[in-house]
Q: 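Below is one structure. I have some questions about it.
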Amino acid sequence: MTSGTLILAATPIGRVEDAPPRLATELIAADVIAAEDTRRLRRLVTDLGVESTARVLSYFEGNEAGRTPQLLEMLLSGSRVVLVTDAGMPSVSDPGYRLVAAAVEHGVHVTAVPGPSAVLTALAVSGLPVDRFCFEGFLPRKAGERSRRLASLAKEERTMVFFEAPHRTGAVLAALAEAFGPDRPAAVCRELTKTYEEVIRGPLADLVTWAEGEVRGEITLVVQGIAPGSDVPQDPDAWRGLVAEIEAEGATRKDAILEVARRAGVPKREVYDAVHKG
């Protein structure tokens, strides 16, 4: 028997009118719809004004591993399976990767309904360089693991995109400022495409101050990468010498340390320690 087709269908990240026209068509034609949240799926179908006779199965982080073999069996038996998540493109920090990998391994046709993406939308409105970028998803919740992850990104030249929960945004922005320096340009994109959409742009230090208030809604963070070809070696002795040179030109020690940290792409605390404890 000819195998079916797996369709990864992008759903609106805010306004339902942003849904691609083909989304409704695929929901109607589906034999099976795998949904991250079946209640949200019902609302989406109602808002789109369509009727679907497809079998609906939940497919979320908690049951993804166990549900994948069942969906794969349906695909191999010829079913047309549409996968939707709460918002945006399935498998991008959402359920979907396991099913796609299994389908590809078994020769099942996989396609997508392109549409809204919080990653690309945030990049577009951030005002930061978009010629090269990387998506880092959600950072680890534990402070130590988060610090290690950010340390591994200290030399990243591409613009970075992160997802974050509103109640952790303040702590994450503080960790970003510590890892990349307080002057690193960034943007907080909140409630993208929704009624209360807000984009706050500025150095990380300013965004940390902004986050001291209550942060609400869906959050996407965009952070500029380090300037390519940094002219400062990763050597505390070199940092001390350069701070002294900048001070000799009339700058304060604080400003000199900030300048060296920026050019070296390291937190100012590391340069401060090199100057005062070296």
Side-chain angles (χ1 to χ4, degrees), residues 5-27 30 33-37 40-41 43-45 47-48 50 59-61 64 81-101 103-104 109-139 153 156-166 168-169 172 176 185-201 207 215-225:
T5 299
L6 173 62
I7 301 102
L8 308 176
T11 55
I13 59 176
R15 304 182 184 191
V16 71
E17 55 264 38
D18 291 336
R22 193 173 137 223
L23 175 60
T25 302
E26 293 293 356
L27 291 174
I33 301 174
E36 184 176 11
D37 187 327
R40 289 199 182 194
L41 172 64
R43 287 199 298 271
L44 176 63
V45 169
D47 290 342
L48 291 174
V50 301
Y59 190 72
F60 59 98
E61 183 180 3
E64 185 178 2
V81 177
V82 173
L83 175 60
V84 295
T85 53
D86 291 348
M89 178 60 71
S91 80
V92 181
S93 264
D94 276 335
Y97 169 74
R98 285 187 176 91
L99 184 56
V100 172
V104 170
H109 177 55
V110 179
T111 187
V113 177
S117 164
V119 176
L120 296 181
T121 303
L123 274 168
V125 303
S126 69
L128 300 174
V130 296
D131 54 334
R132 298 177 65 224
F133 67 90
C134 60
F135 174 56
E136 291 294 324
F138 287 89
L139 288 167
L153 295 171
E156 179 57 67
E157 295 181 358
R158 297 170 294 180
T159 297
M160 295 165 279
V161 184
F162 304 88
F163 285 164
E164 198 46 74
R168 289 196 298 269
T169 297
V172 166
L176 288 165
V188 176
C189 303
R190 192 182 73 84
E191 294 288 270
L192 285 169
T193 77
K194 299 178 183 178
T195 301
Y196 298 104
E197 177 181 275
E198 183 178 21
V199 180
I200 305 95
R201 305 173 182 87
L207 300 183
V215 178
R216 305 176 69 178
E218 300 287 338
I219 303 295
T220 305
L221 306 175
V222 187
V223 183
Q224 186 168 313

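Source: prediction; values computed, not measured. Nothing fancy with the numbering, it's 1 onward along the sequence.
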Q: Which residue pairs satisfy the side chain to side chain donor-acceptor pair (under 3.5 Å) criterion with at least one member in residues 185-195, sequence neighbours excluded?
A: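 Those involving residues 185-195 are R190-E198.
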
Q: Mind listing the closest non-hydrogen atom pair of L83 and G96 along with its distance?
A: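 Heavy atoms only, the tightest pair is CD2-CA, 3.6 Å.
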
Q: Measure the spacing between CZ of R201 and CD of Q224 and express it to the nearest 0.5 Å.
A: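 Reported to 0.5 Å precision, the distance equals 13.5 Å.
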
Q: Please list, chain by chain and in numerical order, all residues satisfying side-chain contact (heavy atoms from CB on, under 4.5 Å) with D37, sequence neighbours excluded.
A: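 D37 satisfies side-chain contact (heavy atoms from CB on, under 4.5 Å) with R39, R40, D86 only.
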
Q: Provide the closest heavy-atom pair for V84 versus I33 in the form atom of the first, atom of the second, distance.
A: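 It is CG2-CG2, 4.2 Å.
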
Q: With side-chain contact (heavy atoms from CB on, under 4.5 Å) as the test, would you mind laying out the steps for L207 and L176 before giving the verdict?
A: CA-CA 10 Å; L207 300 183; L176 288 165; over 6 Å; no

Q: Return the OG1 to CG distance between T11 and L41, rounded to the nearest 0.5 Å.
A: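 Interatomic distance, T11 OG1 to L41 CG, rounded to 0.5 Å: 9.5 Å.
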
Q: The criterion is side chain to side chain donor-acceptor pair (under 3.5 Å); which residues satisfy it with E218, sequence neighbours excluded?
A: none

Q: Determine the minimum heavy-atom distance between M89 and V113, stating which atoms define it.
A: CE-O, 3.6 Å

Q: S93: what forms a side-chain contact (heavy atoms from CB on, under 4.5 Å) with it, not counting sequence neighbours?
A: F135, F138, F163

Q: Taking the side chain as every heavy atom from C-beta outward, state whether T159 and V130 have any pair of such atoms under 4.5 Å apart.
A: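 T159 does not reach V130 side chain to side chain.
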
Q: For residues R216 and I219, report the shortest heavy-atom separation together with the two atoms involved.
A: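 Minimum heavy-atom contact is O-CD1, 4.0 Å.
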
Q: Tell me, which pairs form a salt bridge (charged side-chain N to carboxylate O under 4.0 Å, His left out) where one or both residues lie in residues 7-22, sequence neighbours left out?
A: R22-E26

Q: What residues form a side-chain contact (heavy atoms from CB on, under 4.5 Å) with P95, not counting sequence neighbours?
A: E36, Y59, E64, T85

Q: Show the numbers, then the answer: is there a side-chain contact (heavy atoms from CB on, under 4.5 Å) between V16 and L48?
A: CA-CA 7 Å; V16 71; L48 291 174; 4.0 Å; yes

Q: Using salt bridge (charged side-chain N to carboxylate O under 4.0 Å, His left out) as the criterion, list what pairs up with R43, not counting sequence neighbours.
A: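 Applying salt bridge (charged side-chain N to carboxylate O under 4.0 Å, His left out) to R43 gives none.
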
Q: Scan for side chain to side chain donor-acceptor pair (under 3.5 Å) pairs involving residues 113-139, sequence neighbours excluded, and state none if there are none.
A: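 Listed by first then second residue: nothing to list.
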
Q: Minimum heavy-atom separation for P114 and A112, please, with both atom names.
A: CD-O, 3.4 Å

Q: About how many Å separate CD1 of I7 and CG of L23, when rounded to the nearest 0.5 Å?
A: 11.0 Å

Q: Taking all atoms of both residues into account, what is the closest heavy-atom pair of P12 and P116, and its distance?
A: CA-CG, 3.8 Å

Q: Tell me, please, which residues at least two apart from A122 pass side-chain contact (heavy atoms from CB on, under 4.5 Å).
A: C189, L192, T220, V222

